[in-house]
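Predicted model, so just to flag it, every value in this text is computed and none were measured.
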Amino acid sequence: MRKAQKQQAQELVRQMEEAHDQFRKFIEQGSIPPAMELLEECQNGGITLGTLIEDTEGEGHPTVFLLEEYCELAYQIHEDLTGGKEINTKKIHKLLKQKLVRISNSLKNDVPVRKEAVFLPYKASMWDSLESVWRAADEDEHCDAYVIPIPYYDKNPDGSFRKMHYEADLYPDYVPITRFDEFDFTKHRPDMIYIHNAYDQWNLVTSVHPDFFSGNLKKYTDKLIYIPYFVLDEVDPDNEQAVEHIKHFCFMPGIINADQVIVQSEDMKKIYVNEYLKAAKEHGLQGQHLDRAYLDQKFLGLGSPKYDRVCAMTREELEIPQEWLKVIEKPDGSWKKIILYNTGIAALLTHNEKWVDKIENVLGIFRENQEEIALLWRPHPLIESTMRSMRPEILQKYAMLKDRYLAEGWGIYDETADVDRAVVISDAYYGDGSSVVQLYQQTGKPIMIQNVEIVT
């Protein structure tokens with residue numbers, strides 16, 4: 001039984017208790033008709049409660065058996081009053097109370113509360129940041145776990161919404177999906193809501209639907225939990241220069257509103273707590289936002305679920321698309337070395353057109369070596385949205401480069417939702433610094449960061 005349902009059941013018991021006291025007063029006053037009406041209400045309450053329990057816990061539940069005894073007693077008293085039979089008010093009231101106490105105790109002890117955990121990913125390619133937590137919730141026999149992909153929008157340079165995206169059909173087959181417009185948050189009031197987007201209205205490139213901003217979600221749960229969709233370079237919390245580059249991740253609307261924030265390590269937790277405190281003071285926040293002891297409980301350095309998924313996967317269990325195999329396999333059936341070429345947003349925004357020139361140069365080198373090396377090019381899923389919003393002047397040149405690569409067909413272009421497949425299948429990483437680098441480090445395979453300034 002869900003928490004809201006159990007609260008409803010307990011409220012029914014409380015109302016029946018009040019009806020007992022009123023029933024006794026009516027009998028003592030000789031007001032038989034209203035006393036009989038109260039008995040009918042108590043019977044109906046017992047039937048409603050029994051139906052609720054059977055619907056959630058199944059037939060033959062001990063609490064339902066006690067409710068049947070209670071309803072039978074109420075019916076018998078009602079029949080006695082209908083026949084004009086004199087009753088012992090004190091004794092009847094005591095019997096009703098005793099049975100209701102037993103029902104209340106059974107409701108408390110024999111009807112467990114099922115927790116509800118709701119997961120709200122927005123991009124399917126970022127699902128790996130929540131998957132291992134969802135698996136644990138889904139395997140808990142006392143928890144109902146819902147995966148509810150939410151819509152998001154590209155943004156125009158002026159901040160207005162452009163195109164809406166809804167990626168519910170891109171998740172793995174083993175993940176059951178609930179549509180966002182078919183789940184009533186007011187009715188369910190889930191125990192936990194997990195999000196991996198903390199930006200809300202602060203994001204300049206995309207935005208989740210405003211209904212799913214963290215401030216709104218907080219109204220419907222006792223515990224809003226944020227897990228970043230990315231992992232960062234591990235840095236020393238005392239290295240001020242290194243911390244300066246990542247501090248903006250530590251203070252976002254979703255982090256402010258979250259009851260818990262799960263980050264990749266204890267060192268990262270220290271950074272989040274320190275930088276959150278500074279930013280909270282600058283923004284004039286008060287109370288627990290400035291309480292270090294509270295923040296030490298709010299931020300947890302438990303690790304990233306992204307690591308869990310990529311470490312659990314093997315090449316053998318992966319489904320490799322046929323068009324990929326055409327690039328990967330040599331004539332004798334053996335595999336070429338596969339290089340994951342990852343291009344990211346930070347490098348784009350830093351280097352602009354030089355970054356596009358670097359990609360063109362890299363593709364030319366791998367084209368010349370395609371007999372021995374298979375290139376798996378995977379750009380950040382928001383690259384083109386970022387260009388439209390923040391670097392429109394280089395979008396056409398990039399698009400032409402991508403189209404030529406696709407037309408030539410000598411390499412793989414991976415724009416699927418599953419970054420982990422690219423990480424597991426490849427033999428080495430080359431490309432921009434990004435959260436994928438931190439993920440790749442878990443595999444122990446070689447990593448080389450490209451230098452945009454060097455073009456051969």
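- At least one donor-acceptor pair under 3.5 Å links the side chain of Ser129 to the backbone N or O of Met126.
- Looking only at distances, no side-chain donor or acceptor of Lys298 sits under 3.5 Å from a matching main-chain atom of Ala293.
- With a 4.5 Å cut-off on side-chain heavy atoms, Tyr220 and Thr186 count as touching.
- The distance from the OH atom of Tyr398 to the CG atom of Asp357 is 13.5 Å, given to the nearest 0.5 Å.
- Of the inter-residue distances, the one linking Ile449 atom CD1 with Ile447 atom CD1 reads 6.5 Å to the nearest 0.5 angstrom.
- For Phe251 and Tyr272, the distance between ring centers is not under 6.0 angstrom.
- With Tyr174 as the aromatic partner, Arg135 meets the cation-pi criteria of under 6.0 angstrom to the ring centre and within 45 degrees of the ring axis.
- Within the model, atoms OH of Tyr194 and CG of Leu120 stand 12.0 Å from one another, a figure rounded to the nearest 0.5 Å.
- The closest side-chain donor-acceptor pair between Tyr122 and Glu167, if any, does not fall under 3.5 angstrom.
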Residues Lys115, Asp140; criterion salt bridge (Lys or Arg N to Asp or Glu O under 4.0 Å); working and verdict: CA-CA 9 Å; Lys115 292 183 178 180; Asp140 185 345; over 6 Å; no
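- What you find for Ser385 and Asp154 is that their closest heavy atoms are OG-OD1, 2.9 Å.
- In summary, Glu18 and Arg14 engage in a salt bridge, as defined by a charged side-chain N under 4.0 Å from a carboxylate O.
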Start with the C-alpha distance between Lys397 and Glu360, add both sets of side-chain angles, then the distance that settles salt bridge (Lys or Arg N to Asp or Glu O under 4.0 Å), and finish with yes or no. CA-CA 10 Å; Lys397 183 174 182 179; Glu360 185 174 24; 5.2 Å; no
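- The two atoms that bring Ser125 and Val419 nearest to each other are O-CG1, 4.4 Å, heavy atoms only.
- No donor-acceptor pair closer than 3.5 Å links the side chain of Arg292 to the backbone N or O of Val273.
- Two residues are said to be in side-chain contact when any heavy atoms from C-beta on lie closer than 4.5 Å; Ser207 and Phe161 meet this criterion.
- Defined by atom type and a distance below 3.5 Å, a donor-acceptor pair is present between the side-chain atoms of Asp158 and Ser160.
- Under 3.5 Å, the side chains of Thr56 and Gln5 contain no donor-acceptor pair of N or O atoms.
- Taking the centre of each ring, Tyr70 and His20 come in below the 6.0 Å mark.
- A side-chain donor from one of Gln264 and Glu234 sits under 3.5 Å from a side-chain acceptor of the other.
- Of the candidates Ile412, Asn342, Ile339, Ile359, Trp377 forms a side chain to side chain contact (heavy atoms under 4.5 Å, CB included) with just one, namely Ile359.
- Within the 4.5 Å cutoff, side-chain heavy atoms of Gln15 are placed close to those of Glu11.
- The closest side-chain donor-acceptor pair between Ser426 and Tyr440 falls under 3.5 angstrom.
- Side-chain atoms of Thr178 do not come within 3.5 Å of backbone N or O of Ile148 as any donor-acceptor pair.
- Residues Leu340 and Val436 share a closest heavy-atom pair of CD2-CG1, 4.4 Å.
- Tyr276 has its side chain within reach of Ile256: a pair of non-hydrogen atoms, C-beta onward, lies under 4.5 Å apart.
- Residues Arg421 and Trp324 are in side-chain contact: their nearest non-hydrogen atoms beyond the backbone lie under 4.5 Å apart.
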List the steps, then state whether salt bridge (Lys or Arg N to Asp or Glu O under 4.0 Å) holds for Lys247 with Glu240. CA-CA 10 Å; Lys247 69 177 185 180; Glu240 295 182 7; over 6 Å; no
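- The closest side-chain donor-acceptor pair between Thr314 and Glu317 falls under 3.5 angstrom.
- Look at Lys326 and Glu323 and you find no salt bridge, because none of the NZ, NE, NH1 or NH2 atoms lies under 4.0 Å from a carboxylate O.
- Checking Lys123 against Tyr152 by side-chain atom types alone, a donor-acceptor pair falls below 3.5 Å.
- The closest side-chain heavy-atom distance from His380 to Thr343 is not below 4.5 Å.
- At least one donor-acceptor pair closer than 3.5 Å links the side chain of Asn257 to the backbone N or O of Pro253.
- No side-chain donor from either of Ser434 and Asp432 sits under 3.5 Å from a side-chain acceptor of the other.
- By the 4.5 Å heavy-atom criterion applied to side chains, Trp335 and Leu325 are counted as neighbours.
- For the residue pair Val13 and Leu100, the shortest heavy atom distance occurs at O-CD2, 3.8 Å.
- Leu290 approaches Leu285 most closely through the heavy-atom pair CD1-O, 3.3 Å.
- Between the Asn274 side chain and the Lys270 main chain, a donor and an acceptor come within less than 3.5 Å of each other.
- Phe183 has its ring centre less than 6.0 Å from the ring centre of Tyr146.
- Looking only at distances, a side-chain donor or acceptor of Lys6 sits under 3.5 Å from a matching main-chain atom of Leu107.
- In this structure, the side chains of Trp134 and Trp127 come closer than 4.5 Å at one or more pairs of heavy atoms.
- In terms of modelled atom types and a separation under 3.5 Å, the side chain of Lys445 and the main chain of Val424 share a donor-acceptor contact.
- With His61 contributing its side chain and Thr63 its backbone, the two residues share a donor-acceptor pair below 3.5 Å.
- Distance OH/Tyr226 to CD1/Ile255: 5.0 Å, rounded to 0.5 Å.
- Here the options are Arg315, Lys306, Arg309, Arg378, the test is salt bridge (charged side-chain N to carboxylate O under 4.0 Å, His left out), and the partner is Asp420; only Arg309 passes.
- Between the side chains of Gln441 and Tyr429, no donor-acceptor pair of N or O atoms lies under 3.5 Å.
- We find the CG-CE distance between Leu300 and Met268 to be 14.5 Å, quoted to the nearest 0.5 Å.
- The NZ atom of Lys99 sits 15.0 Å away from atom OG of Ser104, with the distance rounded to the nearest 0.5 Å.
- Under a 3.5 Å cut-off, the side chain of Arg114 and the backbone N or O of Met1 do not form any donor-acceptor pair.
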